[in-house]
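Chain A is the first sequence line, chain B the second, and so forth, proteins listed ahead of strands; every chain is numbered from 1.
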Protein chains: 2
Amino acid sequence: MDIRTLCLGLLTQSDASGYEIKKIFEGQLRHFFDASYGSIYPALNKLTEEGLVRCTEQAQDKRPDKKVYSITPAGRMAFLDELMQPPGRDRYRSEFVATMMFADLLPPRHVSDLIDKRVEEYRVMLDDLQRACAEGDAGKAFVVGLGHAMYRAGLQYLEENRHLVEGEALLASASSAAD
Amino acid sequence: MDIRTLCLGLLTQSDASGYEIKKIFEGQLRHFFDASYGSIYPALNKLTEEGLVRCTEQAQDKRPDKKVYSITPAGRMAFLDELMQPPGRDRYRSEFVATMMFADLLPPRHVSDLIDKRVEEYRVMLDDLQRACAEGDAGKAFVVGLGHAMYRAGLQYLEENRHLVEGEALLASASSAAD
DNA sequence: ACGGACATGTAACACGTTACATGATTAA
DNA sequence: TTAATCATGTAACGTGTTACATGTCCGT
């Protein structure tokens, strides 16, 4: 699902400007998706050309014009069509995970620091998601709940199993300390 | 962490050809990373130019030459250097999750089918990971375990909460059936 | 006076995939 | 004979990010 389609989807829920769409990505959706202005504005222009959204320019005093986009019936159909396509496979990219794969090459302290940081990040994220769970429709709540469940499991795993990568490092430092 | 660095990392663990590296990505690492020949071969060539890996051509009878790459001391240093950089944020892209966000726009049956499929995929993946857990060093086991824990939580959540998105659909169809 | 929010956009760049090109060997 | 596995590579394309360009208003 590319940014263009995602924007179209957001516009099924409410009219918005490019700037506002960015805010939505930075808000509750932050832990699942993101998009920069560099992809949002061109996407919106393309959708307009294709007749899937309509743009109403609102002149504002003391501010640049605000371009508010709303989805057209054709846009709704196109989005539905997209949603009905079999979803492609998830893709994931985690430098933390990649780093942990090679934990045995790193100084023990560094590994511990990385895990500490990640644990803290998970905690913040879980708080965020808890809060986000309240607001929003069923679909959003479901997705937020899924994220929460998975990140909570990740956090718990880190806490219970960090010794696996820290231990190995300790072993190495213990054998050199035993000299 | 780009493909080039990932290849370098794999070469810290054993010498390999481009073809073999692809097999590794398709094997135990499948659920965490992937890479196509179109990025692996150029990466390997670039690493060679940079002096981070060395290439030994093995003439094979009845097969094209096999180019086996091994990491150089400079390569090890460069990889370590890379690993010591603070890891960038995770990025995630899931069409399933995106689709679920808009579950209320979809036919109830379709949503149920999607979840059924996802549940089945999780089951297969968990089996895979269970098996992969045994082999490999501490780092790999840790990462595989983390994946397992998170996907298991995802599966459980889906099973226990699918009614949230199926229920809403049912509600809509119930009210129209009550006419 | 300065940084941050509001507001829109473009161009260069990075990174990766897909499809193509080539060709032998082996098992069904 | 047909498909799969072994084996390497390139070129076109897609998709997105970063950095830049521009300008106002508001709070401190």
**Prompt:** When the distance from CD of E26(B) to C1' of dC6(D) is rounded to whole Å, what number comes out?
**Reply:** 12 Å

**Asked** Taking the six-membered ring for Trp, are Y92(B) and F33(A) ring centroids under 6.0 Å apart?
**Response** no

**Item:** Interatomic distance where CZ belongs to F25(A) and P belongs to dG16(D) [whole Å]
**Value:** 10 Å

**Prompt:** To the nearest Å, how far apart are Y41(B) OH and dT18(C) P?
**Reply:** 16 Å

**Message:** I need the CD-P distance between E20(A) and dT8(C), as an integer number of Å.
**Reply:** 8 Å

**Request:** Let me know, please, whether K23(B) or R91(B) comes out on the 5' side of the other along DNA chain D by nearest nucleotide.
**Result:** K23(B)

**Asked** Phosphate oxygens OP1/OP2 of dT8(C): is one of them under 4.0 Å from a side-chain N or O of Y37(A)?
**Response** no

**Asked** Could you state the CZ-C1' distance from F33(B) to dC15(C), rounded to the nearest angstrom?
**Response** 16 Å

**Prompt:** Can you tell me if the side-chain N/O atoms of S39(B) get under 4.0 Å from OP1 or OP2 in dT17(C)?
**Reply:** yes

**Message:** Checking contacts here: which listed nucleotide (dG9(D), dG16(D), dG9(C)) is nearest the side-chain heavy atoms of Y69(A)?
**Reply:** dG9(C)

**Item:** Gap between atom CG of L106(B) and atom OG of S112(B) - 0.5 Å precision
**Value:** 11.0 Å

**Item:** Y19(A), nearest nucleotide to its side chain (from dG16(D), dT10(D), dT8(C))
**Value:** dT8(C)

**Asked** Of the nucleotides dT17(C), dT8(C), dG16(D), which one has an atom closest to the side chain of S36(B)?
**Response** dT17(C)

**Request:** Calculate the interatomic distance between L47(B) atom CG and dG9(D) atom P; express it in whole Å.
**Result:** 13 Å

**Asked** Nearest to the side chain of D34(A), which nucleotide is it out of dG9(D), dT17(D), dC6(C)?
**Response** dT17(D)

**Request:** Verify salt bridge (Lys or Arg N to Asp or Glu O under 4.0 Å) between E26(B) and R30(B), making sure each step is shown before the conclusion.
**Result:** CA-CA 5 Å; E26(B) 283 170 355; R30(B) 174 170 25 123; over 6 Å; no

**Message:** For a quick test of reading the model: is some side-chain N or O of K22(A) closer than 4.0 Å to OP1 or OP2 of dA7(C)?
**Reply:** no

**Message:** Among F32(B), Y122(B), Y157(B), which residue satisfies the ring pair (Phe, Tyr, Trp, His ring centres under 6.0 Å) criterion with Y151(B)?
**Reply:** Y122(B)

**Message:** Tell me the interatomic distance from R93(A), atom CZ, to dT15(D), atom C1', rounded to whole angstroms.
**Reply:** 15 Å

**Message:** Just the rounded figure in Å: distance from C1' of dT8(D) to NZ of K66(B).
**Reply:** 13 Å

**Request:** Please tell me if the side chains of L29(B) and M101(A) come closer than 4.5 Å, counting only heavy atoms from C-beta onward.
**Result:** yes

**Asked** Mapping I3(A) and P42(B) onto DNA chain D by nearest heavy atom, which one lands closer to the 5' end?
**Response** P42(B)

